[in-house]
Amino acid sequence: MRSRRPGVPELLAPAGSPEALRAAVEHGADAVYLGWGGFNARRGAQNFSEEEFAQAVAWCHVRGARVFLTLNILLSDRELPEALETARAASRLGVDAVLVQDWGLFDLLRHTLPDLPLHASTQMSIFTSGGACEIAAGGCERVVLARECSREETAAVCRNCPAEVESFVHGALCVCYSGQCAMSALIGGRSGNRGRCAQPCRLPYGVNEAAKDRRPLSLKDACMADHLGEMAEMGVSCLKIEGRMRRAGYVAAVTEIYARLLEEGRGPSPREREALERAFSRSGFTDAYWRGGTGPSMLGFRPENAAPAEEPARSEADRRIPVEFTCVVRAGVPCSLAADDGLGNRVTVTGPVPEPAGRKPLAKEDLTARLEKTGGTPYRAVIDPEEGVLVEPGLYLSAAAINTLRRDALETLSAARTAVPLRRECFPPPPLPEAADFVDAPQFTVSVVNAAQLTGGLLGFRPARVYVPLELLADVPSLPEADTEYCAILPRVWRDEDEGRLRRWMDKARTLGATGLLLGNLGHFPLARDGGWRLYGDYGLNVFNSRSLAFLREKGLESACLSFELRFSQMRDMRKVLPAEAVVYGRLPLMITENCLIQNTTGCRCDRPNFLNDRTGAAFPLLPAFGHRTEVQNSRPLYLADRPDWRRLGLRYARLRFTTEAPEECVRVCRDYLEHAAPAGEFTRGLYQRGVE
């Protein structure tokens, strides 16, 4: 493939359409990522048909660019076979890697297509060395880190993880950690985890006041053009430009500049900075996360009347592939031409036997000049002036014969460059493990956010488990005695530097009587494993199909909470190879943000109630999260006490999720669920009936 100077990362550009793909490669991208079919995180992009995809892979490979297929959304049991067939077809066509979010698809691919390189999408929410090493041990070649990672955090993953590390360097920033946002799904039924995000974060909101023209959830685009050298030095393997929803003009302009900066080993000039802003920006750019910062200076939006990106400019750089030609013209034998691309592809073709010369014999200079005419191809001839051309005197070869020789050599070389790797085995999907059907009504579990909610009244309902935040357990002297299992909820977001403290807190939780841990991220597994804990999966793991349950069972979980973006029918039809849990009451989490939304707008007042208010008057509670982060809750609680259907889905556990409720309200809700009481006040039925796009 295309090669840069040693130590220079690969430049990966978006290709949301065939036009954008051509713009990316012609303007310097080493690789492109694109979607084929409906199973990718930008289903609103033009994407590619099967024929276009096949053409794209061949076209890119001839030009030295790699192609990565995005299959990075959550998939239902019914969709997995088609997604697997898409990956199989892509593998047959020679795709270089597949990006994956869904654990079930990841598990299928590593068993059925073991030679197909897999990349962990940023939708997997990986931001620690432990998480990166965990997925690498499972067979992932590359890990795409969360955009929120700083330079120190990225460097730590590069040092500790055997897989390649990919980082975003330019483009849109989501305010929520990728893979953890349910705002678009719960508000409008369009799931970001399913590639249909409606971007409600770009709308006006107010924090503790009516919605105005402020946009506290809308971040500026990232621009890391000043940091390419340090990223290369720490070992980042690939630099990713975001933008599959953007036009070819944007792709051309941004790729051209980043390719030039990498080639020349420098930062951007004022003119280049201006060109990046003209291509697309939201009130400028930010590199705050990389510098370890947050704050209101990261906020920005794009006016509705902003001009679109310019059409692709013609690249001034000669990005044709250098090919070394060696031509031999001898009497009595067919002429030959060897072509070598320097990357292990060397081909030789032969032409006619040269004739005795008449008036003007073939000169070495004339043959060289004719061979160098590679215009209209992606190649540039490189001919050694001493040894590249050998012509015996007194021979003649027509111009047409030389042209045919050159054309045949380059066509044969193209075939070699686009050949599918020979070692790509394909096996049938392994059968799912047997499942023990659970026909009884599920047992209740409860989760709390503060110590006041842990009353005798609540515990008197004898929930099977009580989930308590680990940081809360670190602060309480004891836990009430109860006929239940206490489980510590590990923080949804943390960093390598936090792990010593988390381990100490886990030791404290054990002394209080906690025996279980609730894991919501792949990086939790190395933290929790081999500690004698009982391990349970939380909703942050995005369990969407039976294969995901099997994958998590293999990792040692005793149960897992299903995604609340599933319909009841999908939950019912899942093979419960691992005991399943679902949230049946509470304010569902919409986002978890690295920025403290409260401090960004009103100053630090996280110790009191805070709300995000939209233009309809809905108020979304803002809860503080570990690390001075924010978790946005839905404006209305999920309420299903009066609905019988969730009791007949084969669930082992049903969770009552208490967040903003007063202690006496927690007790009332438990009683309502035991008595199947009708709802009172504002509520939502969630997505269990209507599902998501």
Side-chain angles (χ1 to χ4, degrees), residues 103-104 106-107 110-111 118 120 124-140 143 145-146 153 156-163 165 179 433 445 447 464-476 479 484-543 547-561 577-581 626-627 652-653:
W103 307 121
F106 174 75
D107 191 54
R110 67 177 184 166
H111 284 104
L118 301 180
M124 279 191 179
S125 308
I126 294 176
F127 37 73
T128 63
S129 297
C133 290
E134 190 77 12
I135 197 66
C140 241
V143 177
L145 290 184
E153 293 154 359
V157 176
C158 289
R159 287 194 305 269
N160 298 325
C161 180
V165 171
T445 63
S447 65
R465 298 175 192 155
V466 175
Y467 303 119
V468 185
L470 180 63
E471 54 268 40
L472 176 57
L473 293 174
D475 281 343
V476 300
L479 288 171
T484 188
E485 179 186 16
Y486 283 110
C487 304
I489 308 172
L490 298 186
R492 288 177 73 188
V493 178
W494 77 103
R495 292 294 191 272
D496 284 11
E497 64 182 10
D498 300 316
E499 294 194 357
R501 177 167 45 154
L502 296 182
R503 292 182 189 277
R504 292 192 297 272
W505 287 356
M506 288 161 64
D507 291 340
K508 167 71 180 306
R510 192 191 301 277
T511 66
L512 295 177
T515 57
L517 296 177
L518 192 59
L519 316 185
N521 183 276
L522 194 65
H524 284 152
F525 285 86
L527 264 178
R529 190 181 288 125
D530 302 325
W533 295 94
R534 302 186 70 181
L535 307 181
Y536 310 118
D538 207 359
Y539 50 77
L541 290 172
N542 289 325
V543 177
R547 291 276 174 187
S548 292
L549 288 175
F551 173 82
L552 295 172
R553 186 174 92 161
E554 182 182 306
K555 287 202 160 291
L557 292 192
E558 295 186 37
S559 72
C561 186
V577 299
L578 185 66
E581 180 179 24
F626 175 79
R652 187 70 58 90
Y653 303 102

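Since we're looking at a predicted model, the values are computed, not measured.
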Between atom [atom1] of [X] and atom [atom2] of [Y], what is the distance when rounded to the nearest 0.5 Å?
| X | Y | atom1 | atom2 | result |
| --- | --- | --- | --- | --- |
| L517 | H524 | CG | NE2 | 9.0 Å |
| D107 | L549 | CG | CG | 11.0 Å |
| L527 | F525 | CG | CZ | 11.5 Å |
| W533 | C487 | CH2 | SG | 9.0 Å |
| S129 | R159 | OG | CZ | 7.5 Å |
| L557 | L518 | CG | CG | 9.5 Å |

Residues C133, C161; criterion side chain to side chain contact (heavy atoms under 4.5 Å, CB included); working and verdict:
CA-CA 5 Å; C133 290; C161 180; 4.1 Å; yes
How close do [X] and [Y] get, heavy atom to heavy atom, and via which atoms?
| X | Y | answer |
| --- | --- | --- |
| A464 | T445 | CB-CG2, 4.5 Å |
| A163 | V143 | CB-CG2, 4.2 Å |
| P526 | R503 | O-NH2, 4.0 Å |
| Y653 | P579 | CE1-CB, 4.5 Å |
| D496 | A156 | OD2-CB, 3.8 Å |
| G104 | S548 | N-OG, 2.9 Å |

Going by the rule salt bridge (charged side-chain N to carboxylate O under 4.0 Å, His left out), which residues pair with R510 if we only count those two or more places apart in sequence or in a different chain?
none
The criterion is salt bridge (charged side-chain N to carboxylate O under 4.0 Å, His left out); which residues satisfy it with R495, sequence neighbours excluded?
E153, E594
Would you find a donor on one side and an acceptor on the other, under 3.5 Å apart, between the side chain of N542 and the backbone of G179?
yes
Taking the side chain as every heavy atom from C-beta outward, state whether [X] and [Y] have any atom pair closer than 4.5 Å.
| X | Y | value |
| --- | --- | --- |
| L512 | Y486 | no |
| F551 | L578 | no |
| M124 | W103 | yes |
| V157 | T128 | no |
| L470 | F626 | no |
| N521 | L490 | no |
| E134 | I126 | no |
| Y536 | D538 | no |

Identify whether the distance between the nearest side-chain nitrogen and carboxylate oxygen of E558 and R465 falls below 4.0 Å.
no
Go through it in stages, so that I can follow the logic: the residues are W505 and E471, the test is side chain to side chain donor-acceptor pair (under 3.5 Å), and I'd like the CA-CA distance, side-chain angles, deciding distance and then a yes or no.
CA-CA 7 Å; W505 287 356; E471 54 268 40; over 6 Å; no
Begin from the C-alpha positions of E485 and T515 and carry the test side chain to side chain donor-acceptor pair (under 3.5 Å) through to its verdict.
CA-CA 7 Å; E485 179 186 16; T515 57; 2.9 Å; yes
Show, in sequence, the C-alpha distance, side-chain angles and deciding distance for L479 and V466, and conclude whether the side chain to side chain contact (heavy atoms under 4.5 Å, CB included) test is met.
CA-CA 11 Å; L479 288 171; V466 175; over 6 Å; no
